[in-house]
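Counting starts at 1 for both ligands and their atoms, following the listed order.
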Amino acid sequence: MKKLVTLFMVLALATVFAKAAVAGDTLADAKKKGVLTVGCKDSLPPFGYIDEKSRQIVGYDIDFVNAIAKKMGVKVELKPVTSASRMPQLQEGHIDIIAATMTKNAERAKVIDFSHTYFFTGQKFITKKGTVKSLKDLEGKKIGTAKGSTSEQNVKKAIPSANVLSFDDYPQAFLALQQGKVAAVTTDEAILAGILAKAPNKGQFEIPALQISDEPYGLGMRKGDTNFVNFVNKAILEMEKSGEAKAIFDRWFGPTTQFHLERTFKISADK
Ligand code: GLU
């Protein structure tokens with residue numbers, strides 16, 4: 001009996017250690033390895049996309065995480081993720097941090113930890129020019145978005161009669177719009193604006209002034225990875241103070257877009 005009790009105690013302790021190992025201390029581990037593995041988007045300008053000349057993934061999310069890694073004294077290794085794969089990839093330890101257009105919300109915060117907000121946008125639609133004036137015009141229509149996104153959840157709530165088609169990522173949804181297979185694509189306005197800017201036939205499309213949600217972006221880290229979360233938050237605050245965060249913003253969005261005012265206001269409100 002005594003042996004059995006001891007065995008149970010050993011097993012219980014092993015479980016506790018195994019759980020702790022999952023959260024781990026990414027700050028210490030990455031410093032030891034000299035590398036921080038980052039889950040990012042690779043087809044969403046200006047957040048994370050492949051630069052035609054350098055063939056490297058570049059963008060706002062990448063610059064942000066590069067600046068944090070520099071403060072840690074480590075290199076960055078980029079791993080493309082989708083909206084649906086980013087949380088499992090983090091939890092399974094394939095990546096150390098998510099910098100991938102990810103909205104922080106209470107549901108996700110039950111599973112992972114988030115940094116302070118580092119970007120702010122809201123959900124809208126791309127449609128063929130002149131076809132959509134109000135949400136009523138999208139009732140019963142096919143709308144494209146990405147699997148595992150808040151966009152998918154929000155649009156189902158905002159337009160319950162819509163037939164929501166979920167793709168791996170937004171460029172595929174936009175292709176479906178170009179082919180006339182959906183009436184609209186929906187996600188964060190800053191992503192839609194980036195897709196539209198690169199489209200050769202952009203003159204045929206527009207982003208009507210219909211916003212269905214607020215989307216504050218956070219960097220995602222493993223739940224309970226406290227040292228790392230604290231370090232990242234401190235780094236973000238330092239970047240806000242030193243002007244580095246604004247410089248990154250201006251590099252990708254320019255100093256005059258409407259995102260700028262929202263960024264300054266909402267990000268300072270989050271602290
Ligand atoms: N920000 C939203 C989200 O986290 C939409 C963009 C995305 O899918 O990454 O779900």
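- Counting non-hydrogen atoms of other residues, nucleotides and ligands closer than 6.0 Å to NZ of K79 gives a total above 12.
- A ring-ring contact (aromatic ring centres under 6.0 Å, His included) check over residues 138-184, counting only residues at least two apart or in different chains, returns the pairs F174-F205.
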Given the rule in the ring pair (Phe, Tyr, Trp, His ring centres under 6.0 Å) test, do F253 and Y60 qualify, once you have shown the distances and angles that lead to the verdict? CA-CA 9 Å; F253 292 93; Y60 179 89; 5.7 Å; yes

Under a 3.5 Å threshold, I'd like every N/O contact between ligand 1 and protein atoms, with atom names and distance.
unit_1: ligand 1; atom_1: 1 (N); unit_2: T101; atom_2: O; d: 2.8
unit_1: ligand 1; atom_1: 1 (N); unit_2: T103; atom_2: OG1; d: 2.7
unit_1: ligand 1; atom_1: 1 (N); unit_2: D188; atom_2: OD2; d: 2.6
unit_1: ligand 1; atom_1: 4 (O); unit_2: R86; atom_2: NH2; d: 3.0
unit_1: ligand 1; atom_1: 4 (O); unit_2: T101; atom_2: O; d: 3.4
unit_1: ligand 1; atom_1: 4 (O); unit_2: T103; atom_2: N; d: 2.9
unit_1: ligand 1; atom_1: 4 (O); unit_2: R108; atom_2: NH1; d: 2.8
unit_1: ligand 1; atom_1: 8 (O); unit_2: S83; atom_2: OG; d: 2.6
unit_1: ligand 1; atom_1: 8 (O); unit_2: Y170; atom_2: OH; d: 2.5
unit_1: ligand 1; atom_1: 9 (O); unit_2: K41; atom_2: NZ; d: 3.2
unit_1: ligand 1; atom_1: 9 (O); unit_2: S83; atom_2: OG; d: 3.4
unit_1: ligand 1; atom_1: 9 (O); unit_2: R86; atom_2: NH1; d: 2.7
unit_1: ligand 1; atom_1: 9 (O); unit_2: T101; atom_2: O; d: 3.2
unit_1: ligand 1; atom_1: 9 (O); unit_2: T101; atom_2: OG1; d: 2.6
unit_1: ligand 1; atom_1: 10 (O); unit_2: R86; atom_2: NH2; d: 3.0
unit_1: ligand 1; atom_1: 10 (O); unit_2: R108; atom_2: NH2; d: 3.0
unit_1: ligand 1; atom_1: 10 (O); unit_2: T150; atom_2: N; d: 2.8
unit_1: ligand 1; atom_1: 10 (O); unit_2: T150; atom_2: OG1; d: 3.2

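- The number of heavy atoms from other shown groups lying within 6.0 Å of NZ (K234) does not exceed 12.
- Around the NZ atom of K75, the shell of radius 6.0 Å holds no more than 12 heavy atoms that belong to other residues, nucleotides or ligands.
- Using cut-offs of 30° and 60° for the angle between ring planes, the Y217 and F119 rings count as tilted.
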